[in-house]
Amino acid sequence: RAHGRGCCRRGLLWGGAWLWGGGGERGWAEGKEETWRVWLEARFVRPAVSAPIPGAQRTVLALGEWDGMRLRAFTREEWAAQGAGWEEGERRARAQCARDLERVESVVRRDRRGVVESVELRSVEPRMASAVLAPGFGERFAEWVGEGCLLVVPNRHQAWVFPKHASVHARYTAEVLRAYAATSSPVSVELLEWSGAGLKAVGVFENGRGF
């Protein structure tokens with residue numbers, strides 16, 4: 001299991017070492033900002049410009065752009081040319097993630113008593129990993145799952161949102177693992193907690209293991 005207690009200072013993963021972002025807006029690519037994105041990425045992909053998620057062992061944040069067909073991580077050279085720190089880049093990129101959330105379809109799933117168990121999110125385009133980082137993402141689903149939520153994004157086309165104060169997510173283990181395995185664009189099977197303070201990992205979906 002992955003546990004996300006506590007905090008982690010944000011930085012860049014550069015050549016295998018975390019570089020803490022300073023800088024400001026100097027060198028920002030004016031006119032291309034609408035293509036910038038930040039998204040959840042599998043750690044094994046090793047994107048050149050990335051930052052850790054507190055408690056996560058399999059998932060990182062990647063910074064890059066939506067090129068019209070896919071999310072493409074910046075190269076080290078592209079990032080260096082911007083002269084900006086991670087926090088500024090993430091803030092501006094997150095604002096653009098709202099474009100991706102607008103394209104996501106949601107399906108509310110309830111138990112036999114009519115109580116909401118989850119909200120399944122689907123995207124025809126591979127935008128899900130960035131859509132879930134849009135500003136106000138949690139508030140959008142608060143009507144169904146309450147304030148704060150749990151989140152898993154097994155691939156770039158699909159995600160689930162669960163109530164924070166419930167254990168119903170464990171019932172979805174088989175579905176989540178199938179969604180992760182049956183795709184050419186896997187993201188992660190880590191369970192993340194979304195709140196106004198940011199993301200942190202609180203568990204992992206695995207066969208034969210609970211949370």
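We count residues from 1, following the sequence as given.
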### Message
Using side chain to side chain donor-acceptor pair (under 3.5 Å), reason through Gln158 and Glu120 one step at a time and then give a plain yes or no.
### Response
CA-CA 7 Å; Gln158 193 173 15; Glu120 183 180 354; 2.8 Å; yes
### Query
Using a side-chain heavy atom cutoff under 4.5 Å and only I, L, V, M, F, W and Y, what cluster partners does Trp39 have?
Trp66, Leu71
Do [X] and [Y] have side chains that get closer than 4.5 Å, going by heavy atoms?
{"X": "Val132", "Y": "Leu101", "answer": "no"}
{"X": "Tyr172", "Y": "Val152", "answer": "no"}
{"X": "Arg171", "Y": "Glu117", "answer": "yes"}
{"X": "Leu191", "Y": "Val204", "answer": "no"}
{"X": "Thr59", "Y": "Val153", "answer": "no"}
{"X": "Glu105", "Y": "Leu121", "answer": "no"}

[atom1]/[X] to [atom2]/[Y] distance, rounded to the nearest 0.5 angstrom?
{"X": "Arg76", "Y": "Glu78", "atom1": "CZ", "atom2": "CD", "value": "12.5 Å"}
{"X": "Ser185", "Y": "Glu41", "atom1": "OG", "atom2": "CD", "value": "9.5 Å"}
{"X": "Phe162", "Y": "Ser167", "atom1": "CZ", "atom2": "OG", "value": "11.0 Å"}
{"X": "Glu125", "Y": "Ser130", "atom1": "CD", "atom2": "OG", "value": "10.0 Å"}
{"X": "Arg92", "Y": "Gln82", "atom1": "CZ", "atom2": "CD", "value": "10.5 Å"}
{"X": "Leu40", "Y": "Ile53", "atom1": "CG", "atom2": "CD1", "value": "5.0 Å"}

Per-pair distances, 0.1 Å, donor-acceptor, side chain in residues 139-150, under 3.5 Å, sequence neighbours excluded:
none

Thinking salt bridges, do [X] and [Y] make one under a 4.0 Å N-O criterion?
{"X": "Lys200", "Y": "Glu190", "result": "no"}
{"X": "Glu88", "Y": "Arg91", "result": "yes"}
{"X": "Glu175", "Y": "Arg109", "result": "yes"}

Under a 3.5 Å distance rule, please check whether [X] uses its side chain to pair with a backbone N or O of [Y] as donor and acceptor.
{"X": "His157", "Y": "Ser123", "result": "yes"}
{"X": "Arg72", "Y": "Met69", "result": "no"}
{"X": "Gln96", "Y": "Ala93", "result": "no"}
{"X": "Asn155", "Y": "Val187", "result": "no"}

### Task
Could you please spell out the steps behind the side-chain contact (heavy atoms from CB on, under 4.5 Å) verdict for Val189 and Leu177?
CA-CA 7 Å; Val189 293; Leu177 294 180; 3.9 Å; yes
### Query
Got a sec, which residues hit ring pair (Phe, Tyr, Trp, His ring centres under 6.0 Å) with Tyr180, two or more places apart in sequence or on another chain?
none
How close do [X] and [Y] get, heavy atom to heavy atom, and via which atoms?
{"X": "Ala56", "Y": "Arg43", "value": "O-NH1, 4.4 Å"}
{"X": "Pro154", "Y": "Ala179", "value": "CG-CB, 3.7 Å"}
{"X": "Pro47", "Y": "Val60", "value": "CG-CG2, 4.1 Å"}
{"X": "Gly89", "Y": "Trp79", "value": "CA-CH2, 4.3 Å"}

### Query
Between Phe205 and His169, how do the two ring planes meet: parallel, tilted or perpendicular, split at 30° and 60°?
perpendicular
### Query
Are Leu63 and Leu61 close enough, and set up right, to give a side-chain contact (heavy atoms from CB on, under 4.5 Å), and what steps lead you there?
CA-CA 7 Å; Leu63 190 61; Leu61 295 176; over 6 Å; no
### Query
Are Phe44 and Val176 connected in a single hydrophobic cluster, I mean Ile/Leu/Val/Met/Phe/Trp/Tyr linked by side-chain heavy atoms less than 4.5 Å apart?
yes
### Message
When you group the ILVMFWY residues by side-chain heavy-atom contacts below 4.5 Å and let the links chain together, are Val107 and Val115 in the same group?
### Response
no
### Message
Let's go through Lys164 and Glu193 carefully: what are the C-alpha distance in whole Å and the side-chain angles of both, what is the deciding distance for side-chain contact (heavy atoms from CB on, under 4.5 Å) to 0.1 Å, and is it a yes or a no?
### Response
CA-CA 7 Å; Lys164 179 178 177 181; Glu193 181 180 321; 3.1 Å; yes
### Result of checking Arg127, Arg70, Arg94 against Asp100 for salt bridge (Lys or Arg N to Asp or Glu O under 4.0 Å)
Arg127
